[in-house]
**Q** 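This is the structure I have questions about; it appears just below.
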Amino acid sequence: MSKLKAKAFALRQDVLDMIKHSGSGHIGGDFSVMDILVELYFQQMNVSPENRDDPNRDLFVLSKGHAVESYYAVLAAKGFFPVEEVVENFSVFGSPFIGHPNNKLPGIEMNSGSLGHGLPVCIGMALACRMDNRSNRIYTVMGDGELAEGSVWEAFMAGGHYHLANLCAVIDRNGLQISGTTEEVMAQENLAERIRAFHWNVINVADGNDIAELDAAFEAAKTVQDRPTCIIAHTVKGYAGGEIMEGKAAWHHKVPTDTEYEQISAELRRRKEAAENE
Amino acid sequence: MNKVPNRQAICDVLLESARGDKNIVVLCSDSRGSASMTPFFEAYPERSIEVGIAEQNLISISAGMAKCGKKPFAFSPASFLSTRSYEQAKIDVAYSNTNVKLIGISGGISYGALGMSHHSAQDIAVMSALPNMRVYLPSDRFQTAKLISALLEDTKPAYVRVGRNAVEDIYGEADCPFTMDKATVLSDGGDAAIIACGEMVRPALEAADQLRQHGIYATVLDMYCVKPLDSEAVIKAAEAAKLVVTVEEHAPFGGLGSMVSQVVGANCPRKVINMALPDSPVITGTSKEVFSYYGLDAEGIAKTIMENLGWQAM
Ligand SMILES: Cc1ncc(C[n+]2csc(CCOP(=O)(O)OP(=O)(O)O)c2C)c(N)n1
Ligand SMILES: [Mg+2]
């Protein structure tokens, strides 16, 4: 577990390099979601470059597609493509590594970027896989600001209605979006109760940047037989970026200056070493 | 080089007009920063509505407010505004005939490397297909300001697309000829007629300059009013020319090129070349890189015209 923790900090450095090199990217949401992606790809899902065409592989859709830099870092660590290639080419002219997930790249199932599509698409995947008696699981990660899209709630309704126990949705509950806090922009309080009312199993993860807590939640989700699970992961936007960045809406898509780059790198290194020594 | 993007020109007009007109309201969908509307939200918090990331809601709420006497301006990235909330635009705005002004920001391929989810290369086509919806793509900040002032004077639906970055001025503060729904003639010439809108007006104008050096004379029309299209100006320019070229930051179907072709075909048949983005996701890059790759720059336009007039390319 401490190895995975360290990996999540190391992969954040890849993200930082992509963003610094290209001068673009969504660092705040990248850093808040990284631990969720690492847990999914290294503990939960049976996906790898070898089984990428296996119909029984687990399926994942990054609904908050703007966190693509973290997604690239994790897919690269899984061996789908070399990370150097991503850092070098992210967002540059003619590159396949664009600023949102694109399924021309290996390992990516669905294109996203416009918020509010991931959960509805996953309902379709879960229905189809269940029809074919597949044993795989379907996962998606949404932002909390994203929850203002009506399509998300149409999908919550359908997931409960069809008892899609093979489906697990994660909400990266960092409390921030572009224009400020989610509570100022469009309040999302009582989130767990709201989703439960749609007949979902809801698990609150108090520290959504703690891989051990996330692991327990995903394991618990698998034991529920009659309904889909939604994991509300209470994260910190910009997590592990240090004081300058953590919990600050302005870092939604800020590109660090040279000094900030050094500060953030140092913070990531410090945390990675601490995790390794745990 | 001008640093004021067209979106900021919109904010300036609305800030100014809102002083005397308390019915002007602004709605955003977690988009006030990219819309340059933060100053309006700060100056008039009680007339600013934040709906969160919910573009469908944005348009329907605007329609409801318009029905009750408000003059809503709804701002969201053009990609989401035009396709995510298309039915809301169709039913609640165009069909119910509500006084909603839809402002599509970061239009066309402004978002560059963010990919097709963030590009609006279909907005002219879909919005123009709605009865009662007008479609405008102003070319610079001065024309944008004039357009918004004119739109404040009427009570009909409209869709306006502006880009993300500042663009070079076409006009001047005191020198911006503008008649509502009439194209602006930027240059006169009998060899070719170049009809452009939005950010493509600048390269069209520069292409005409380049061509002049080769003794080729082109009319250039700034067709900011894509719908209602200024057919009279199209016919006049086409009749005087051997070749018509349209240039737009849009998919090749259903946009300015399609509309101009219809008018020319029916009234004064000429060869019409439609210069547009391809029928595929555009290549990754900045606007400048992408435009140049697809020949949507001064060189590309001039080359197309020379070749089609039977000249050796430069
Ligand atoms: C349909 C749609 N509307 C608007 C946007 C622009 N946008 C990109 S990220 C974002 C904020 C997302 O906030 P949240 O869902 O909380 O994500 P996170 O905090 O995890 O970055 C917005 C409005 C979009 N990508 N898609
Ligand atoms: Mg958030």
Side-chain angles (χ1 to χ4, degrees), chain A residues 18 22-26 63-66 68-69 89-105 108 110-118 142-154 176-188 249-250 252-254, chain B residues 27-35 37-38 41-42 45 48-61 75-85 87-88 106 109-120 164 280-294:
Chain A
M18 288 173 210
S22 69
S24 67
H26 292 84
S63 192
K64 46 168 278 186
H66 56 282
V68 73
E69 298 84 16
N89 295 303
F90 178 59
S91 288
V92 308
F93 182 66
S95 173
F97 298 102
I98 65 173
H100 286 104
N102 191 288
N103 62 8
K104 286 203 185 93
L105 288 170
I108 297 180
M110 291 293 288
N111 296 351
S112 56
S114 177
L115 297 164
H117 287 252
M142 293 177 279
D144 49 2
E146 180 179 0
L147 301 178
E149 290 287 1
S151 56
V152 172
W153 297 93
E154 294 174 24
L176 292 174
Q177 51 192 109
I178 298 179
S179 310
T181 68
T182 50
E183 302 321 282
E184 291 162 348
V185 174
M186 188 52 62
Q188 301 289 347
H252 177 75
H253 51 200
K254 184 172 170 1
Chain B
L27 294 94
C28 285
S29 54
D30 201 11
S31 51
R32 77 186 77 156
S34 26
M37 290 308 289
T38 307
F41 270 63
E42 282 166 359
S48 302
I49 307 291
E50 171 61 71
V51 305
I53 309 171
E55 296 78 9
Q56 296 173 305
N57 222 10
L58 175 82
I59 294 192
S60 297
I61 291 173
F75 291 78
S76 193
S79 53
F80 311 127
L81 195 65
S82 61
T83 52
R84 182 56 157 274
S85 0
E87 197 182 71
Q88 281 72 15
S106 303
I109 54 153
S110 297
Y111 278 130
L114 292 186
M116 184 164 138
S117 62
H118 281 59
H119 296 158
S120 60
R164 182 170 181 74
S280 71
V282 303
I283 193 164
T284 310
T286 62
S287 297
K288 193 163 183 284
E289 288 167 339
V290 174
F291 290 149
S292 124
Y293 184 77
Y294 295 116

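The analysis underlying the following values was restricted to heavy atoms, covering all of them including side chains, and did not include hydrogens, waters or symmetry mates.
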**Q** Quick check on the interface: out of B/V51, B/T286, B/I53, who has the most heavy-atom pairs with chain A under 4.5 Å?
**A**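 Most heavy-atom pairs within the cutoff with chain A belong to B/I53.
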**Q** Please classify the contact between A/V185 and chain B as side chain, backbone, both or neither, with a heavy-atom cut-off of under 4.5 Å.
**A**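 Its backbone and side chain both get close to chain B.
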**Q** Once you round to the nearest 0.5 Å, how far does OG of A/S114 lie from CE of B/M116?
**A**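 The distance works out to 11.0 Å.
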**Q** Sort out for me which of B/E289, B/E50, B/R84 touches chain A most, counting heavy-atom pairs under 4.5 Å.
**A** B/R84
**Q** Out of curiosity, B/T284 OG1 to A/N89 CG, how far, rounded to the nearest 0.5 Å?
**A** 10.0 Å
**Q** How many angstroms lie between atom CD1 of A/I178 and atom SG of B/C28, to the nearest 0.5 angstrom?
**A** 11.0 Å
**Q** Among B/S31, B/G52, B/G285, single out the residue with the greatest number of heavy-atom pairs under 4.5 Å to chain A.
**A**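 So the answer, after comparing B/S31, B/G52, B/G285, is B/G52.
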**Q** Might you point out which heavy atoms bring A/E149 and B/A54 nearest each other, and give the distance in Å?
**A** OE1-CA, 3.8 Å
**Q** Which label fits B/Y293 and A/F93: parallel for a plane angle under 30°, tilted from 30 to 60°, or perpendicular past 60°?
**A**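 Ring orientation of B/Y293 relative to A/F93: perpendicular.
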**Q** Considering only heavy atoms, which portion of B/I283 lies under 4.5 Å from any heavy atom of chain A: side chain, backbone, both, or neither?
**A**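 Side chain of B/I283 only, per the 4.5 Å heavy-atom cut-off to chain A.
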**Q** For A/E183, is the CD atom crowded, meaning more than 12 foreign heavy atoms sit under 6.0 Å from it?
**A**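 More than 12 within 6.0 Å, yes.
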**Q** Measure the spacing between NE2 of A/H100 and NE2 of B/H118 and express it to the nearest 0.5 Å.
**A** 4.0 Å
